[in-house]
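To find a chain, count down the sequence lines: A is the first, B the second, and so on, and within it residues start at 1. Values below: every heavy atom of this structure, side chains too, minus hydrogens, waters and symmetry copies.
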Number of protein chains: 2
Amino acid sequence: MQHATSSRDTKAEIHRAAVDLFSTQGYDKTSLREIAEQVGITKASLYYHYSSKQQLLRAVVGTFLDDLFEVLRLTETMEWSSENEREALGAYVDVVIAHRATGPTLLRDIAAVLAAFGDDLDELIARSRRFQLWLAGPDPTAADRLRAAAAVETIGAAMSAELDLSVSEAEIRAVLLDAATAVLARRGTPVGE
Amino acid sequence: MQHATSSRDTKAEIHRAAVDLFSTQGYDKTSLREIAEQVGITKASLYYHYSSKQQLLRAVVGTFLDDLFEVLRLTETMEWSSENEREALGAYVDVVIAHRATGPTLLRDIAAVLAAFGDDLDELIARSRRFQLWLAGPDPTAADRLRAAAAVETIGAAMSAELDLSVSEAEIRAVLLDAATAVLARRGTPVGE
DNA sequence: GTCTATACCGAGATAGAC
DNA sequence: GTCTATCTCGGTATAGAC
């Protein structure tokens with residue numbers, strides 16, 4: 001049964017090599033020849049396992065987007081309330097923290113990810129928008145919606161920040177949740193000075 | 001004097017076409033042939049005006065980065081104080097708002113921008129880091145630094161948000177400044193739950 | 001000083017032999 | 001499953017027309 005095992009291994013090895021090279025060099029700068037070389041096969045052989053370079057990218061960042069999708073879907077069944085808001089934000093932070101290793105790749109190569117997922121991403125984007133609107137609270141002003149957007153951005157700091165510091169995941173979670181809440185607390189405040 | 005004027009026009013037209021196509025399609029998916037076509041010249045003719053596709057990208061997002069650089073440089077001469085902090089944040093928001101049209105291109109094609117600016121960007125990144133550290137305030141904890149990162153992210157909402165709404169630039173400025181300040185106000189707070 | 005014709009190389013992708 | 005050979009298209013480079 002060399003064939004079956006070897007096949008599974010090869011596909012897994014390609015995946016590993018892709019995760020590795022994409023995260024260090026970026027998507028564009030990584031060629032299929034390079035990946036094939038690292039695995040020890042030919043460029044053309046890759047195509048037996050993955051039908052395109054984009055499919056390979058999908059395999060790499062797919063789980064992240066799936067989890068994100070799940071969280072956003074969850075909030076759509078919730079009425080807005082401050083407790084639910086806290087729960088939703090918490091779930092969101094959890095996903096971002098859990099995947100923050102693949103995060104940089106995702107952030108740096110958004111263009112490629114957008115291209116790779118195409119229309120599949122439209123629904124995720126739509127849900128993100130609805131999530132932001134939900135976060136803006138009942139009867140939001142334009143300023144409130146901007147605040148909601150800012151609150152979400154806040155959470156993204158988990159990826160971009162240098163997290164080599166001595167901060168536990170629990171601490172990151174607490175700090176960012178607190179930050180997002182602080183921004184949202186400004187809702188309803190009159191704009192101006 | 002057709003030559004001189006035609007030359008300047010051509011270069012400007014290439015620039016315009018690039019801004020246009022990059023922002024709608026993204027950097028990678030826009031080919032030089034496509035740009036040349038839109039201008040009405042040959043692919044090779046582009047080469048006379050811009051020595052590479054990367055140089056064209058530099059021309060497009062360059063002023064944004066220059067302005068950002070200038071703001072970050074400015075803050076380095078300042079002692080930290082809450083008034084100075086407010087001023088620095090204000091200047092930062094102003095730059096982001098002023099360039100928010102080219103912002104999406106910058107955000108989506110970071111990978112390409114990083115490649116195009118290469119080492120030139122290292123200093124900007126270093127300054128950004130110092131800015132964040134400065135924002136964290138005197139004797140910051142790790143949590144405070146995370147808060148500073150989150151505050152900066154907040155301001156980025158000016159780009160990613162759908163700004164077709166009826167929000168004036170002054171309003172955006174006020175809201176985001178307020179949001180960033182709210183996040184920073186949590187500095188020193190013990191991390192709990 | 002401005003542009004075209006043309007060639008080059010490396011990329012992703014496909015067809016078909018083994 | 002994996003290979004070789006081949007195709008197309010992208011960015012790049014140069015020689016030379018006007």
Who else is in V183(B)'s hydrophobic cluster (ILVMFWY, side-chain heavy atoms under 4.5 Å, direct or via others)?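 Listed partners: V183(A).
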Using OP1 and OP2 only, check whether a side-chain N or O of [X] sits under 4.0 Å from [N].
X      : N      : answer
Y48(A) : dG1(D) : yes
T10(B) : dT2(C) : no
S45(B) : dT4(C) : yes
H49(B) : dG1(C) : no

Can you pull out the residues from residues 105-118 of chain A that lie within a 4.0 Å heavy-atom distance of DNA chain D? none
Just jot down the side-chain contact (heavy atoms from CB on, under 4.5 Å) partners of [X], sequence neighbours excluded, or say none.
X       : answer
E76(A)  : R127(A), R130(A)
A180(A) : L89(A), A151(A), T154(A), I155(A)
V60(B)  : H15(B), A18(B), V19(B), F22(B)
S82(A)  : none

Taking E83(B) first and then R86(B), would you say they form a salt bridge - that is, a charged N and a carboxylate O separated by under 4.0 Å? no
Salt-bridge contact R173(B)-E169(B) (side-chain N to carboxylate O under 4.0 Å): no
Figure out the [atom1]/[atom2] separation between [X] and [N], and round it to whole Å.
X      : N       : atom1 : atom2 : result
L57(B) : dG11(D) : CG    : P     : 12 Å
I14(A) : dG1(D)  : CD1   : P     : 11 Å
I41(B) : dG1(C)  : CD1   : C1'   : 14 Å
E34(A) : dG10(C) : CD    : C1'   : 13 Å
L46(B) : dG1(C)  : CG    : P     : 19 Å

Contact letters for nucleotides 11-18 of chain C, in which S counts primed atoms plus P, OP1 and OP2 and B counts the base, heavy atoms under 4.0 Å: SBBB----
How would you label the contact of T42(B) with the nucleic acid (heavy atoms, under 4.0 Å): base, sugar-phosphate, or nothing?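 T42(B): backbone/sugar contact only, no base atoms under 4.0 Å.
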Pairing residues for F64(A) by the ring-ring contact (aromatic ring centres under 6.0 Å, His included) criterion, not counting sequence neighbours: H99(A)
Set of ring-ring contact (aromatic ring centres under 6.0 Å, His included) partners for Y47(B), sequence neighbours left out: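 Result, ring-ring contact (aromatic ring centres under 6.0 Å, His included) vs Y47(B): none returned.
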